[in-house]
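Side chains are part of it too, since the values below use all heavy atoms of this structure and drop only hydrogens, waters and symmetry mates. Predicted model, so just to flag it, every value in this text is computed and none were measured. First the proteins, then the strands, lettered A, B, ... as listed; each starts at 1.
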2 protein chains.
Amino acid sequence: MDLAPLVAARKSRPEARRADLHGSLLEQLRDLIVEGQLAAGSRVAERVLCERFGVSRTPLREALKVLAAEGLIELLPNRGARVARLTAADIAQTLKVIGTLEALAGETACERITESEIAEIRALHLEMLAHHARRDRLAYFKANQAIHQALVAASGNAVLAQTYAGLSGRIRRARYAANLDLRRWDEAVAEHELILQALAARDGARLAKLLRSHLDNKSYALAAQSPEALA
Amino acid sequence: MDLAPLVAARKSRPEARRADLHGSLLEQLRDLIVEGQLAAGSRVAERVLCERFGVSRTPLREALKVLAAEGLIELLPNRGARVARLTAADIAQTLKVIGTLEALAGETACERITESEIAEIRALHLEMLAHHARRDRLAYFKANQAIHQALVAASGNAVLAQTYAGLSGRIRRARYAANLDLRRWDEAVAEHELILQALAARDGARLAKLLRSHLDNKSYALAAQSPEALA
DNA sequence: CCTCGCAATATTGCATTCAAAAGTCAATAA
DNA sequence: TTATTGACTTTTGAATGCAATATTGCGAGG
């Protein structure tokens with residue numbers, strides 16, 4: 001195999017040698033996995049990733065170790081890494097935990113969220129409605145994520161936010177791949193409407209309950225889907 | 001600095017060269033941090049850890065990256081690692097999340113726990129009572145942890161258990177260092193009594209509420225303590 | 001034709017090496 | 001005396017090298 005061009009490419013900008021490789025590698029690898037460019041269950045050779053990123057094995061291996069700790073990939077001793085395969089049970093369990101965390105976030109947020117933060121979430125909500133009206137799934141998905149993200153952030157609990165982000169990232173791939181059926185999609189939008197109302201009214205208990213059931217419903221919908229979409 | 005003896009020690013057992021260094025290093029480092037042998041906030045030079053474990057920098061650095069991802073240490077670019085300093089807010093936020101996770105675990109466990117698992121938890125509870133009677137804080141602490149651990153495991157939710165373990169590990173150091181005052185200790189034991197009852201009765205809602213308040217109370221007790229104990 | 005065993009190859013795990021950044025400290029000037 | 005500069009040392013970030021393990025391809029035997 002001819003590595004010369006890659007080596008040349010690396011050496012051609014020696015001034016960047018000490019850039020923040022670790023952080024950027026992590027991000028790029030995560031993106032590859034989340035976007036599904038690295039198929040779930042497929043084995044990943046260090047070498048090919050090194051070539052792709054123009055980096056030696058040392059920083060790449062460090063990144064792989066971190067991703068393994070996060071649960072995005074599995075490390076098989078002496079046999080390399082493979083992208084974690086999410087079973088239906090994994091997804092259901094993760095959504096259960098996420099639902100609980102969001103409920104806590106909602107409850108906490110109601111006590112401390114500012115009016116301007118509520119306004120921002122309302123704006124995101126309206127954008128999401130627009131994407132729903134246009135049946136733009138990708139844009140909807142992103143707006144939806146942004147709303148939940150903002151809500152968790154509004155709790156003011158950094159540990160909660162970090163834990164939530166980690167779990168959310170693990171199943172983002174599956175959620176992204178999962179094409180909602182239209183009926184469930186409409187339901188989800190309706191649920192979001194109620195969620196926003198409860199938040200605006202600062203009704204923590206109600207918001208918690210709504211968020212929990214929202215995530216439970218998402219879980220049921222995913223379970224009802226073809227399992228191969230989760231691979 | 002003379003590294004010869006260490007190098008010799010390493011080379012003297014080449015048959016162990018390919019042992020599972022990564023996993024074992026992680027464990028040992030975690031232990032060092034949790035047991036407080038590496039003071040919080042103190043900078044940790046890679047070199048000294050390498051000598052201590054008789055390992056080269058490569059596997060050690062991989063372990064440090066993972067620990068940083070777990071939140072046990074902080075990595076300062078080009079300036080090494082330092083043991084994460086837990087603020088009172090960190091601990092309070094973490095306990096809040098842990099309480100919520102335990103509540104979910106309790107609720108779920110009530111629906112699926114077996115009688116023999118309940119019996120095992122009851123046995124742990126009785127052991128804990130014995131340690132309380134003897135005022136043996138260390139043994140009590142361990143039994144206490146074992147009970148909560150078993151309860152979370154009984155939920156059957158692996159994602160929940162893993163998330164719980166991660167957060168629990170992060171503040172174990174603080175909890176361990178925190179010497180409960182006697183009144184709070186007695187209260188905690190009484191709370192555990194109620195928790196066990198609710199579990200035996202499989203009253204999920206009640207168990208969840210008890211666990212949440214148990215952790216909230218632990219949080220208040222820690223907050224009331226001298227902050228320097230948390231360093 | 002399929003299965004098993006073994007050599008050739010590839011890949012992983014760790015050690016070592018090299019380069020860049022941070023840290024140290026003494027000499028000098030204000 | 002104190003602040004500053006600049007050479008020297010230490011430490012980190014990344015690349016390379018080497019030994020051990022896994023994988024693959026091929027031929028022999030059933």
For Thr108(A), side-chain hydrogen bond (donor to acceptor under 3.5 Å, both in side chains) partners two or more places apart: none
Proximity to the side chain of Asn78(A) - top-ranked nucleotide from dT16(C), dA14(D), dA22(D): dA22(D)
Proximity to DNA chain C (any heavy atom under 4.0 Å), residues of residues 61-77 of chain B only: none
Protein-nucleotide distance (His22(A), atom NE2; dA15(D), atom P), rounded to Å: 14 Å
Out of dT12(C), dA15(D), dT12(D), whichever nucleotide has its closest atom nearest the side chain of Ala45(B): dT12(D)
Residue list, salt bridge (Lys or Arg N to Asp or Glu O under 4.0 Å) with Glu117(B), at least two apart or on another chain: none
Test salt bridge (Lys or Arg N to Asp or Glu O under 4.0 Å) applied to Arg212(B) - qualifying residues, sequence neighbours left out: none
dT23(D) phosphate, OP1 or OP2, under 4.0 Å from Arg43(A) side-chain N/O: yes
Arg79(B) vs dG23(C): side-chain N/O to OP1/OP2 distance below 4.0 Å: yes
Nearest-nucleotide pick for Thr58(B), side chain only, options being dT16(C), dG17(D), dG13(D): dT16(C)
List the atom pairs, donor and acceptor, that lie under 3.5 Å between side-chain atoms in residues 31-42 of chain A and the rest of the protein, sequence neighbours left out.
from	atom 1	to	atom 2	distance (Å)
Glu35(A)	OE1	Gln37(A)	NE2	2.9
Ser42(A)	OG	Ala39(A)	O	2.5

All pairs passing salt bridge (charged side-chain N to carboxylate O under 4.0 Å, His left out) where residues 95-112 of chain B contributes a residue, at least two apart: Lys96(B)-Asp216(B)
Residues Arg61(B) and Glu46(B) bridged, charged N to O under 4.0 Å: yes
